[in-house]
2 protein chains.
Amino acid sequence: MRLRHKPWAKEYMEAQEHVFIQHPEQLKGKWGTEFGNDDPLFIEVGSGKGQFVLGMAKQHPNVNFIAIELFESVAVSIVQKLVETPMSNVRVLTVDAKRLVDYFEAGEVDRVYLNFSDPWPKSRHAKRRLTYKTFLATYEAILPKAGEIHFKTDNRGLFEYSLQSMSQYGMFFTEISLDLHVNEPEDNIRTEYEERFSALGQPIYRMEAVFRPKN
Amino acid sequence: MRLRHKPWAKEYMEAQEHVFIQHPEQLKGKWGTEFGNDDPLFIEVGSGKGQFVLGMAKQHPNVNFIAIELFESVAVSIVQKLVETPMSNVRVLTVDAKRLVDYFEAGEVDRVYLNFSDPWPKSRHAKRRLTYKTFLATYEAILPKAGEIHFKTDNRGLFEYSLQSMSQYGMFFTEISLDLHVNEPEDNIRTEYEERFSALGQPIYRMEAVFRPKN
C-alpha cells in the first residue's frame with residue numbers, strides 16, 4: 001500500500017476516543033466491558049482503509065470487531081468513516097501484530113481475519129508474512145481451542161506459502177476457494193484490493209483454517 | 001477418460017507377464033524380489049495411458065515404478081509402450097485402489113502419485129475421490145512413516161477438496177503450486193491431461209503432502 005504522510009492523523013484519531021483505542025493494553029481481558037456486551041470478538045489484522053471490517057460490522061451487528069492497522073496514515077481512514085457513520089461494534093488499533101498477546105487474553109478473540117496481507121515475496125522476508133509460524137502462535141494464544149483464521153488474498157505465492165505454513169503448524173482447512181468470485185458467496189464482503197484485482201481478472205484465494213486442539 | 005472397448009486387451013496383457021502382473025497379491029512383501037533390487041518403490045494410482053509413469057521411470061532408473069490403472073482398455077496402452085520400449089523398472093497392475101493393502105506390505109511403498117484423478121464433482125460421490133479419507137488411510141497403511149503423496153490436477157474443485165481432506169486427516173504440505181506451468185520445474189513430467197489442459201490456458205495445481213507421524 002502506498003503510504004501518504006498525514007501529520008494530522010495521530011491527533012485526529014486520538015480525539016476520537018470512542019473509536020480509536022490509544023492504550024489497548026489497558027483493555028486486555030476487558031474488551032466486553034469496552035463494547036458493553038458479551039458478543040463475540042473478531043479481529044482483522046491489517047485492515048487497510050477498513051472496507052472489509054466495516055462491511056462485516058454492518059452485516060453482523062451482534063459481533064464486535066477490532067480493526068488493526070499498523071500505519072496511522074492508513075488507519076485514520078477507518079476512523080474517519082466511523083466518524084461519518086458511527087458503529088458501536090467497531091474499534092480501531094494501530095499496533096504491531098507481533099504484540100497481540102499484550103492486548104488480548106487467551107481465548108478473548110473469537111476469530112482472526114487476514115485479508116490481502118503484505119506478501120513479502122522474498123524468501124529472506126518469510127518471517128514477516130502474517131502466516132509465518134510465530135504469527136500463527138500469537139493468534140493461537142488469543143483464540144479459543146479450535147480457533148479459526150479466515151484469510152483472503154490475490155497473491156498466489158502468499159497463498160501457497162500459507163497453506164504450507166498453516167498445515168505444518170498443525171492447522172487444517174474447512175473451506176478453500178481458489179477462485180472465490182466464480183461462485184462468490186452472497187455474504188462475501190470485498191476488500192478494496194479484492195475489487196481491484198478481481199477487476200483485472202486475477203483469481204481471489206480464500207481459506208478458513210482451524211487450529212488443531214492440543215491434548 | 002473415454003473408454004473404448006478392447007476385447008483383446010486382457011489376453012494381450014496376460015501374455016506380457018514380465019510387465020503386467022496378473023496376481024499382485026502373490027507379490028505382497030516381495031516386490032524387491034520381483035524387480036530384482038532394493039530400489040525405492042513409487043506407485044501411481046490411476047496411470048491412464050502411462051505418459052507420466054513411463055517418463056518418471058526413464059528419468060529415475062534407480063526407482064521402481066508400479067502403474068495402477070483399473071481399466072484394462074486403458075492400461076493396455078502402457079503395456080504396449082513397454083513392449084515397444086522395454087524398461088526393467090516398471091510394472092503394470094489393473095487393480096482397485098481400495099485394495100492396495102492386499103498387494104503391498106506396510107511401508108513397502110515409498111511414495112504415492114495421484115495425477116488428474118477423476119474429480120467426482122457431485123457431493124454424493126465424494127467417497128469415490130482418491131483423496132477421500134478412506135483412500136488416504138489405505139495409502140498411509142502401505143507407506144513408511146512420514147510417507148508422501150504427490151498430486152497434480154487441473155480440476156480446481158478436486159484440488160480445493162483435497163487440501164481440506166488431507167489437512168483434516170492430519171497431513172501437511174511441503175510443496176504447493178497453484179499454477180505449476182508459470183515456473184515449471186525442469187524435471188516436471190507432464191501427463192497427457194496436463195498437456196491438454198495447460199494448452200487451454202488452465203492452471204495446473206500441484207502439491208506434495210506428508211502423513212504426520214503418529215506417536
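Values below: all heavy atoms of this structure, side chains included; hydrogens, waters and symmetry mates excluded. Chain naming here is simple, since letters A, B, ... match the order of the sequence lines and numbering starts at 1 in each.
Counting non-hydrogen atoms of other residues, nucleotides and ligands closer than 6.0 Å to NZ of A/Lys28 gives a total above 12. The environment of OH in B/Tyr169 is crowded: more than 12 heavy-atom neighbours from other residues, nucleotides or ligands sit within 6.0 Å. Shown here is B/Tyr132, whose OH atom has more than 12 heavy atoms of other residues, nucleotides or ligands within 6.0 Å. Heavy atoms of other residues, nucleotides or ligands lying less than 6.0 angstrom from CG of A/Asn183 number 12 at most. More than 12 heavy atoms of other residues, nucleotides or ligands shown are found within 6.0 angstrom of NZ on A/Lys6.
A 4.5 Å side-chain heavy-atom check between A/Val182 and B/Arg156 finds at least one atom pair inside the cut-off. For the pair B/Glu160/A/Ser177, a side-chain contact is recorded, criterion being any heavy-atom separation below 4.5 Å from C-beta on.
Note that CD of B/Gln164 is 11.0 Å distant from CZ of A/Phe172, once rounded to the nearest 0.5 Å. Rounded to the nearest 0.5 angstrom, A/Leu178 CG and B/Asp179 CG are separated by 11.0 Å.
Checked by atom type and distance alone, the side chain of B/Ser167 never pairs as donor or acceptor with a backbone atom of A/Ser167 at under 3.5 Å.
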**Verdict with reasoning, A/Gln168 to B/Thr174, per side-chain contact (heavy atoms from CB on, under 4.5 Å)** = CA-CA 8 Å; A/Gln168 288 172 22; B/Thr174 52; 4.2 Å; yes
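For A/Tyr161, no part lies under 4.5 angstrom from a heavy atom of chain B. Neither the backbone nor the side chain of A/Val210 comes within contact range of chain B; no heavy atom of the residue lies under 4.5 Å from a heavy atom of that chain. For chain B, no part of A/Ser165 is nearby; none of its heavy atoms comes within less than 4.5 Å.
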